[in-house]
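Written below as structure tokens is the structure these notes are about.
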2 protein chains.
Amino acid sequence: MAGKKSPNGSRSDPEGTTEARRAPMREFSRSLPMSLLRAREAVMRQFRPSLRNHGLTEQQWRILRALTAVDTIEVTELARVAFLLGPSLSRILRDLEARDLIERRTAKADLRRGEVSISSKGLKLIEAVAPTSEAIYAEITSRYGARKLAELQDMLAELERGLAEMEVAGEPDAEADE
Amino acid sequence: MAGKKSPNGSRSDPEGTTEARRAPMREFSRSLPMSLLRAREAVMRQFRPSLRNHGLTEQQWRILRALTAVDTIEVTELARVAFLLGPSLSRILRDLEARDLIERRTAKADLRRGEVSISSKGLKLIEAVAPTSEAIYAEITSRYGARKLAELQDMLAELERGLAEMEVAGEPDAEADE
DNA sequence: GAAATTTGTTTAACATGTTAAGTTATCCGC
DNA sequence: GCGGATAACTTAACATGTTAAACAAATTTC
């Protein structure tokens, strides 16, 4: 398994004369988005099997996880905390409710708002998954180094902040980009 | 706007007697997967509008971008480089081919393999998008600091490496997790 | 206080992520 | 050289990402 077959098969153009395509702009595989994507994927690959064994997707886990921290939460707030877009959250909540992992009611003060909370069944599920999850996280932490991990997260947070500023700054309507 | 409504609404239980939900395990929003997800999203949010103006999704752009660096590439290799799963790539290539942005033929040496290359139309599209893209990237770089950005990428790469090792190590079949 | 606007949430439509199964072409052993 | 394993894709099926539109309830305007 993992034969590592020669990745450049029959590619023989050492000099580059027939090069119709030059200057890749940037190594591409080293672009920031790709780096972040690969790193995150590498992390999630560790957790997915365990979640899957418990019949949960990553996003469903995020939601249940967020719900354990509060008594009740409104849909919009939950979307913000679990970092999901409204439509995704809407669908997932429908499914989680059908599986009796969460409970919903509408706020009496504002009938538009929905209030969500985890059910006892949901809590049991969380408790069943948490140990494995924590173990994996601990393993990652010790392997990478707690200090370094914290530093990485700080850098990511700062990147986030800086980009948030860019958005308010340069956005001249965005239309008509030729 | 951004009312910052008290996130713990009617939550007044300082000691924790009626606590049905305790110990969030971790601040959650500070978990590594969430940090990486938010950071990446913050980055992509900068690029998406421009790509959209040119009728490209992020993944389509990744593929075309990867194709400009080579003369021809096999589907599997392309999947590895653009970091896409086979099925996703398969669908996207079908669409890109229908739009005449790429060209495909089967390798004569191995009829299973498909060889992909960018078309002249695809190249033109890339050339139209690249300037804006590069400008955004430059802006991000200067705002965050080139030095720091490189350091971040190094740390991400190391994280990836470490996690790759974890996979070969601990994987006792994964079945029967309770 | 009714019309216009805004807000909270859901539905719709299309693209991708993810795993499993299907197809066709090679390879490998005997 | 045939038959079973492999390999390279592709299809299928279901879940989520993403943007736009629909909807109903609340808020603002006049």
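Chain naming here is simple, since letters A, B, ... match the order of the sequence lines and numbering starts at 1 in each.
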Go through the structure and list residues passing salt bridge (Lys or Arg N to Asp or Glu O under 4.0 Å) with Arg48(A), not counting sequence neighbours. Glu41(A), Glu58(A)
So which protein nitrogen or oxygen atoms get under 3.5 Å of nucleotides 2-5 of chain D's nitrogens or oxygens?
none

Arg45(A) side chain near Leu163(B) side chain, heavy-atom distance below 4.5 Å: no
Which residues share a side chain to side chain contact (heavy atoms under 4.5 Å, CB included) with Ala107(A), sequence neighbours left out: Arg113(A), Glu115(A)
The criterion is salt bridge (Lys or Arg N to Asp or Glu O under 4.0 Å); which residues satisfy it with Lys148(B), sequence neighbours excluded? Glu158(A)
What residue pairs, at least two apart or across chains, pass salt bridge (charged side-chain N to carboxylate O under 4.0 Å, His left out) with a residue in residues 118-130 of chain B? none
Residues in salt bridge (Lys or Arg N to Asp or Glu O under 4.0 Å) contact with Arg104(B), at least two apart in sequence or another chain: Glu97(B)
Quick one: label Ser88(B) by what it contacts on the DNA or RNA (base, sugar-phosphate, nothing), any heavy atom closer than 4.0 Å. base
For residues 82-96 of chain A, which residue pairs qualify under side chain to side chain donor-acceptor pair (under 3.5 Å), counting only residues two or more places apart or in two chains? Ser88(A)-Arg91(A)
Using only heavy-atom distances, decide whether a donor-acceptor pair under 3.5 angstrom links the side-chain of Arg112(B) to the base of dT24(C). no
Review item, nucleotides 19-21 of chain D N/O atoms under 3.5 Å of protein N/O:
| residue | atom | partner | partner atom | Å |
| --- | --- | --- | --- | --- |
| dT19(D) | O3' | Arg52(B) | NH2 | 3.3 |

Quick note, Leu111(A) side chain, CB onward, closest among dA8(D), dA25(D), dT18(D) is dA25(D)
Measuring only between side-chain heavy atoms, which start at C-beta, is Arg99(B) closer than 4.5 Å to Leu56(B)? yes
Taking salt bridge (Lys or Arg N to Asp or Glu O under 4.0 Å) as the definition, give me every residue that meets it alongside Asp100(B), ordered by chain and number, with sequence neighbours left out. none
May I ask you to list the residues of residues 93-110 of chain B, by number, that have any heavy atom positioned under 4.0 Å from an atom of DNA chain C? Asp110(B)
Sequence neighbours left out, what passes side chain to side chain donor-acceptor pair (under 3.5 Å) with Arg161(B)? Give chain and number order. none
Could you list the residues that satisfy side chain to side chain donor-acceptor pair (under 3.5 Å) with Glu151(A), not counting sequence neighbours? none
OP1, OP2 of dG17(D) versus side-chain N and O of Gln59(A): anything below 4.0 Å? yes
Under 4.0 Å, heavy atoms only, any strand: does Leu89(A) hit a base, just the sugar-phosphate, or nothing? nothing
Which part of the nucleic acid, if any, lies within contact of Thr57(B), taking any heavy atom under 4.0 Å across all strands shown: a base, the sugar-phosphate backbone alone, or nothing? sugar-phosphate
Taking for each residue the nucleotide of DNA chain C with the nearest heavy atom, is it Glu115(A) or Leu37(A) whose nucleotide lies nearer the 5' end? Glu115(A)
Starting from C1' on dG8(C), measure out to CG on Leu78(A) and report it in whole angstrom. 13 Å
What is the distance, to the nearest angstrom, from the CD atom on Glu77(A) to the P atom on dT7(C)? 16 Å
OP1 or OP2 of dT16(C) under 4.0 Å from side-chain N/O of Arg91(B): no
